[in-house]
Structure formats: C-alpha cells, structure tokens
Amino acid sequence: MPHDFDAQRAGTVAAFNDLQAEHGLPEVADVDYFFVPARTGADWRPLAEELSREGYSCSWVSADEAEGGSPYLAATLPDQIISATGIWIGEEVATRAALSRGFAPDGWGLEG
C-alpha cells in the first residue's frame, strides 16, 4: 500500500495549529523528525547518510536508550523558520528517503 502523504501533511498541519494555539511556537527552532524501522533488518546508516547530504543532522536511538523501548532515527534540521509549511517540507523530504530505506515516519518535534 502506498504511503498517504496527504494524510501525513494534514496531520502535521493540525498538530502545528494545535501547538501554536495552545502554547505558541518560536519563530526559529531545530525541527526533529522521527523514523522507526518498518521492516526487519532495516539499517539506519544509509538513511542517515542520505539525510545528512540534505542538511539533516542524524542520530540513532537504540531500543535500550529509547523511552518506549523502540529504536528510532532522529533527523534534525537546525535553525528553521517555524511554520506548518516549513515543517512539512522538511518532513516530506525526509519521509521519502525513509520509506525507500525501510523506515516509517513517527512524528516530529521542536527544540529551541
């Protein structure tokens, strides 16, 4: 089944609007995108290398380190102007790379 980018984008815009209304958001922040293995044997290293070439800073969080016990890749775009569209653009680029490498999107967050 193909990935539903329209639904993903709608979820991102809704989350952004909720956060903006509830807490207010900074004008500039680091944006973290999270990806989980979607198939057995998915190797995070090729995905991290690909995303790093696109300007993302990547780190792997092992199952032992993760709060929920599930490993994930965090891909961060530093110092981004914060808007729903800006977050989505970074998310879409990273998601397309992740899907091709056996990973699925698992949300985003802000630092800063």
Side-chain angles (χ1 to χ4, degrees):
M1 175 189 300
H3 185 74
D4 188 344
F5 282 96
D6 291 335
Q8 184 182 359
R9 181 178 186 167
T12 293
V13 170
F16 175 87
N17 289 338
D18 289 347
L19 288 170
Q20 184 71 292
E22 192 171 322
H23 304 289
L25 295 173
E27 289 184 30
V28 175
D30 295 349
V31 182
D32 299 320
Y33 301 98
F34 305 106
F35 300 94
V36 295
R39 67 173 188 243
T40 304
D43 185 355
W44 64 272
R45 290 172 194 90
L47 175 57
E49 289 173 13
E50 182 176 346
L51 291 175
S52 293
R53 287 190 298 270
E54 296 294 328
Y56 297 79
S57 173
C58 298
S59 61
W60 178 250
V61 180
S62 70
D64 293 336
E65 300 169 313
E67 286 183 28
S70 297
Y72 63 91
L73 178 77
T76 303
L77 282 175
D79 300 324
Q80 298 296 295
I81 295 172
I82 300 303
S83 69
T85 299
I87 291 169
W88 170 246
I89 290 169
E91 184 177 13
E92 182 180 22
V93 168
T95 296
R96 288 187 186 281
L99 292 171
S100 73
R101 302 279 185 182
F103 284 79
D106 194 40
W108 55 270
L110 302 176
E111 294 180 49

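Both backbone and side-chain heavy atoms feed into the values below; hydrogens, waters and symmetry mates do not.
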How many angstroms lie between atom SG of C58 and atom CH2 of W44, to the nearest 0.5 angstrom?
8.5 Å

For P71 and W60, the nearest pair of non-hydrogen atoms, with its separation, is CB-CZ2, 3.4 Å

Look up atom CH2 in W108 and atom CD in E91, then write down how far apart they are to the nearest 0.5 Å.
8.0 Å

Using the rule that Ile, Leu, Val, Met, Phe, Trp and Tyr join whenever any side-chain heavy atoms are under 4.5 Å apart, tell me whether V13 and I81 fall into a single cluster.
no

Just grab all the salt bridge (Lys or Arg N to Asp or Glu O under 4.0 Å) pairs involving residues 47-63, residues at least two apart or on different chains.
E50-R101

Heavy-atom pair with the smallest gap, counting every atom of A42 and P37
CB-CB, 4.3 Å

Would a single hydrophobic cluster contain both I89 and V31, if residues Ile, Leu, Val, Met, Phe, Trp and Tyr are joined by side-chain heavy-atom contacts under 4.5 Å?
no

Counting N and O atoms only, with roles assigned by atom type, does the side chain of D30 sit under 3.5 Å from a partner on the main chain of D79, one being a donor and the other an acceptor?
yes

Determine whether L110 and I87 satisfy the following criterion, side-chain contact (heavy atoms from CB on, under 4.5 Å), listing intermediate values before the conclusion.
CA-CA 10 Å; L110 302 176; I87 291 169; 4.2 Å; yes

Should R9 and E92 count as side-chain neighbours, where that means a heavy-atom distance under 4.5 Å?
no

At their closest point, which heavy atom of Y56 faces which heavy atom of A75, and how far apart are they?
CD2-CB, 3.9 Å

Measure the spacing between CZ of F16 and OG1 of T85 and express it to the nearest 0.5 Å.
8.5 Å

Output yes when a side-chain donor or acceptor of Q20 lies under 3.5 Å from a complementary backbone atom of L25, and no otherwise.
yes

To the nearest 0.5 Å, how far apart are CZ in F35 and CG in L47?
7.0 Å

Is it true that the side chains of S62 and E65 contain a donor and an acceptor less than 3.5 Å apart?
yes

Determine yes or no for a side-chain-to-main-chain donor-acceptor pair under 3.5 angstrom, with Q80 supplying the side chain and P78 the backbone.
yes

Trace of the side-chain contact (heavy atoms from CB on, under 4.5 Å) decision for L73 with V61
CA-CA 6 Å; L73 178 77; V61 180; over 6 Å; no

What pairs of residues pass the salt bridge (Lys or Arg N to Asp or Glu O under 4.0 Å) test when at least one of them lies in residues 33-44, not counting sequence neighbours?
D43-R45

List the steps, then state whether side-chain contact (heavy atoms from CB on, under 4.5 Å) holds for Y33 with V93.
CA-CA 11 Å; Y33 301 98; V93 168; over 6 Å; no

Identify the two heavy atoms, one from P105 and one from L99, that lie closest to each other, and give their separation to 0.1 Å.
CD-CD2, 4.3 Å

Which pairs with one or both residues in residues 11-29 pass salt bridge (Lys or Arg N to Asp or Glu O under 4.0 Å), sequence neighbours excluded?
none

Less than 3.5 Å apart, any donor N or O on the side chain of T76 or D32 sitting next to an acceptor on the other?
yes

Please assess D106 against Y72 for the test side-chain contact (heavy atoms from CB on, under 4.5 Å), listing each intermediate value before the final yes or no.
CA-CA 9 Å; D106 194 40; Y72 63 91; 5.6 Å; no

Side-chain contact test, heavy atoms from C-beta onward, threshold under 4.5 Å: evaluate it for F103 versus F34 and give yes or no.
no

When every non-hydrogen atom of L51 is compared with those of A97, the smallest separation belongs to CD2-CB, 3.9 Å

